[in-house]
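Only one structure is covered here, and it is reproduced in the block below.
Every chain is numbered from 1 and lettered A, B, ... according to where its sequence line falls, protein lines coming before strand lines. Keep in mind it's a predicted model, so treat the numbers as computed, not measured.
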Number of protein chains: 2
Amino acid sequence: MTKRSSSVTIRDVARQAGVSVATVSRYLNQNAPVSEPLSERIQQVMEELAYVPEATARQLALRKKHTIGLLLTNLHNDFFAPLLAGIEGVVSEKGYNLLVATCRPHLYSDNGVQFPLGSHNTDGMLVFADSLTDEQIARFHARRLPMVLIHKTPAPGVQIPFVTVENKAASRKLVDHLITVHGCGRIILMRGPEHQEDSYWREIGYRAALDDHGIPFDESLILRGAFEREVAYNTLKTFLQEPNHPPFDAVFAGDDDAAIGIYDALREVGLRVPEDVRVVGFDDSRMAPFLTPPLTTVRAPTEQVGRSAAHHLFQLLEGSLPELATVHATEMIIRQSCGCQDV
Amino acid sequence: MTKRSSSVTIRDVARQAGVSVATVSRYLNQNAPVSEPLSERIQQVMEELAYVPEATARQLALRKKHTIGLLLTNLHNDFFAPLLAGIEGVVSEKGYNLLVATCRPHLYSDNGVQFPLGSHNTDGMLVFADSLTDEQIARFHARRLPMVLIHKTPAPGVQIPFVTVENKAASRKLVDHLITVHGCGRIILMRGPEHQEDSYWREIGYRAALDDHGIPFDESLILRGAFEREVAYNTLKTFLQEPNHPPFDAVFAGDDDAAIGIYDALREVGLRVPEDVRVVGFDDSRMAPFLTPPLTTVRAPTEQVGRSAAHHLFQLLEGSLPELATVHATEMIIRQSCGCQDV
DNA sequence: TCCTCTAATGAAACCGGTTACATCTAGTCT
DNA sequence: AGACTAGATGTAACCGGTTTCATTAGAGGA
């Protein structure tokens, strides 16, 4: 039976309870004393009218959105589920809202289009890998928008907290394992997305391992995989169809998702894993232990990364300075796709 | 060099450009004619001041949040990645924001706590399975909050659009396959979460298939799995440790995630899949084809479900009445965990 | 030439909260 | 008793947009 719109405002409550809006507001927020009798009356009226405060108005008045944003490149990798779970956990614990958006930065090359997330939207942002370019990040940073980078380090000189995982040493160890234990000498590297940092450091680790053993780096063994199953599949397929492609005895898949594509492509041409080709991944995703054969990989504490990142962002919002660099340790997980027997 | 806060308002722009705020607003929204010279001046000033409109204020004035909410039970199943991907796709296409939250309804038993999502937050909500109770849903519905249910049908008589997948017929077919083709007679059913609808219909399908073949329903073969890998693992493990547990020759895992737990538990006691025990799942998750052995399951078009649900919600927001019931077809996918040979 | 109509613009109210400031009690101290 | 203080409440300005309504200028018609 309200006037027009279905929305009951604080003024309706105030009128009905015979008090001022200020008092109602104070009762709501418990930030100033309100006498017992009035409190009761207000509470009762609020229930009667089924009053729900309008978050928007509150946000405007407080200049605070109580919302943080998560910017991703896409959602087509199982990697994102644990990341999201970690983030959502601490965000909801803090009573905040979580805005999720994907963004391919090249779509916003010029400053024409509005970003899906920004200071108009959120109190702070979690930026995954290269969902934004360094330049775009710098712009947000210049406007003082609190940010934490995930799986990405800021451009040199830019002071933005980031959390990522140890890529290089782990990759090096992994490739070293292929060389030392399994005698591999011609290892294909399936890169991730171009300019992607994880991809970069995994390649550095790969090269380092080769170097350690005096194996020359061979550009023809480097393929583009984008950390996506289908892309990896297609890329390797194309490679294999090449009449005289270079010989190889192992594949470092870049990440676990790509490893699946690799498995597929190899199987289709009758190559067995690990007998004919050894395969290793990265992430230790939920499915890695259950592949055929179980995937040798590197465990990255993805959910923990999500939690750290969110925590750091909240520290930023609360005014304290979080750790600038957080690099979570990784751990090689030997299974059977590298040729090792059941552990 | 702004006064105090870092924020440039529409009034700053108006002053600087020598026009009224109304004109700037009109220019921004292109909803009323603004003369060429003024347009140019405004555009120039906006760039100079790096003006970004405050979404909150706009939302308040328009009583529209341009945001939709997705309410989930948790994020610990690979099922959610494709669902999210589908939803996020259409939401961002529409230029809307996507708020993601998890909610265990029993935490909000009394109306004490504020829901993470609601009319204060969003223009409409996508509600997954039992992230809300029927009663809670009814309350939101009574307040006219546009909603679409995902993997859940509304309480009888309640007119809320929903989108789900065909569960019963597919389950029946799957169990029938176990019985007819593989001669199974004692099939464990690993249920999903209590009161969960998918779980319910899958059980109905399971019972129907038994019935079709005159196999009596045996309560002792029904286990609680929650559609979660670890829970399924623990439940089956406990079952197996029981000194004289009833004999069985197959497991219908409820969903693919649970199937993984089943694989694990069986392997640990030395039972082979499919030689000793046949296992089937539901969802055809990304990893199903890559398990050892590849999982026989039912393909549910999860990403498509996400897209439909989002589309329907937008229809609701635009005032048109979407289909009330959308049931996506499912398809049995025969692989090897049921005992079939490579297809 | 005068009247009417339309396009372009501005002033001010409004969206629904918060809060600085003023006011009015009642209690405490000397 | 008088001054001072703390507690409880109300008034009104404010957050940063949108939009109604009024006003003005110029074009077209009789």
Original post:
To the nearest 0.5 Å, what is the distance between CG (B/L145) and CD1 (B/I137)?
Top reply: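 If I round to the nearest 0.5 Å, the distance is 11.5 Å.
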**OP:** Look up atom CE in B/M147 and atom CD1 in B/I68, then write down how far apart they are to the nearest 0.5 Å.
**Re:** 13.0 Å
**OP:** Check the pair A/K64, A/D123 against salt bridge (charged side-chain N to carboxylate O under 4.0 Å, His left out), reporting the backbone distance first and the verdict last.
**Re:** CA-CA 7 Å; A/K64 182 122 175 60; A/D123 297 324; 3.4 Å; yes
Original post:
Got a sec, which pairs hit salt bridge (charged side-chain N to carboxylate O under 4.0 Å, His left out) with one end in residues 304-324 of chain A, sequence neighbours left out?
Top reply: A/K94-A/E318, A/E303-A/R307
Original post:
Restricting to pairs with a member in residues 18-27 of chain A, which pass salt bridge (charged side-chain N to carboxylate O under 4.0 Å, His left out), not counting sequence neighbours?
Top reply: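 The answer is none; no pair qualifies.
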Subject >> Helix axis bend for the helix from C/dT1-D/dA30 to C/dT30-D/dA1 - C1'-based end axes, five pairs, 10° rounding >> reply: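 About 40° separates the two local helix axes.
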To the nearest Å, give me how far apart [atom1] ([X]) and [atom2] ([N]) are.
{"X": "B/H66", "N": "D/dT18", "atom1": "NE2", "atom2": "P", "result": "11 Å"}
{"X": "A/K64", "N": "D/dC14", "atom1": "NZ", "atom2": "C1'", "result": "19 Å"}
{"X": "B/K65", "N": "C/dC15", "atom1": "NZ", "atom2": "C1'", "result": "11 Å"}
{"X": "A/L62", "N": "C/dG16", "atom1": "CG", "atom2": "C1'", "result": "12 Å"}

Original post:
Which nucleotide sits closest to the side chain of B/T9: C/dA8, C/dG10, D/dG17?
Top reply: D/dG17
**OP:** Look at the side chain of B/A61 and decide which nucleotide, out of C/dG17, C/dT9, C/dC15, has an atom nearest to it.
**Re:** C/dC15
**OP:** Apply side-chain hydrogen bond (donor to acceptor under 3.5 Å, both in side chains) to B/E54 and B/T56, showing your working.
**Re:** CA-CA 5 Å; B/E54 178 68 28; B/T56 317; 3.1 Å; yes
**OP:** Start with the C-alpha distance between B/F227 and B/F79, add both sets of side-chain angles, then the distance that settles ring-ring contact (aromatic ring centres under 6.0 Å, His included), and finish with yes or no.
**Re:** CA-CA 10 Å; B/F227 291 166; B/F79 170 87; 8.6 Å; no
Side-chain atoms of residues 36-43 of chain A: list all donor-acceptor pairs with protein atoms under 3.5 Å, sequence neighbours left out, distances to 0.1 Å.
| residue | atom | partner | partner atom | Å |
| --- | --- | --- | --- | --- |
| A/S39 | OG | A/V34 | O | 3.4 |
| A/S39 | OG | A/S35 | O | 3.0 |
| A/R41 | NE | A/A17 | O | 3.0 |
| A/Q43 | OE1 | A/Y27 | OH | 2.6 |
| A/Q43 | NE2 | A/E47 | OE2 | 2.7 |

Original post:
Is there a residue in residues 49-60 of chain A whose heavy atoms reach under 4.0 Å of DNA chain D, and which residues are they?
Top reply: A/L60
**OP:** Could you list by number each residue of residues 25-33 of chain A showing a heavy-atom separation from DNA chain D of less than 4.0 Å, or answer none if no residue does?
**Re:**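 Listed by number, they are A/R26, A/P33.
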Original post:
Would you say D/dA8 has OP1 or OP2 under 4.0 Å from some side-chain N or O of A/T23?
Top reply: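 It does not, given that no N or O in the side chain of A/T23 lies less than 4.0 Å from OP1 or OP2 of D/dA8.
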Subject >> N or O in side chain of A/S20 less than 4.0 angstrom from D/dT9 OP1/OP2 >> reply: no
Subject >> Any side-chain heavy-atom pair of A/T67 and A/N121 under 4.5 Å >> reply: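 Sidechains of A/N121 and A/T67: no contact.
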**OP:** Between A/V24 and B/R11, name the one whose nearest nucleotide on DNA chain C is closer to the 5' end.
**Re:**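 Looking at DNA chain C, the more 5' nearest nucleotide goes with B/R11.
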Subject >> Donor-acceptor pair (no angle test) under 3.5 Å: A/R63 side chain, D/dG16 base >> reply: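 No, the side chain and the base share no sub-3.5 Å donor-acceptor pair.
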Original post:
Okay, side chain of A/T122, backbone of A/S119: is any donor-acceptor separation there less than 3.5 Å?
Top reply: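 Not confirmed, A/T122 side chain does not pair with A/S119 backbone.
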Original post:
Can the ring centroids of B/F314 and B/Y96 be said to lie less than 6.0 angstrom from one another?
Top reply: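 Yes: the rings meet the under 6.0 Å criterion.
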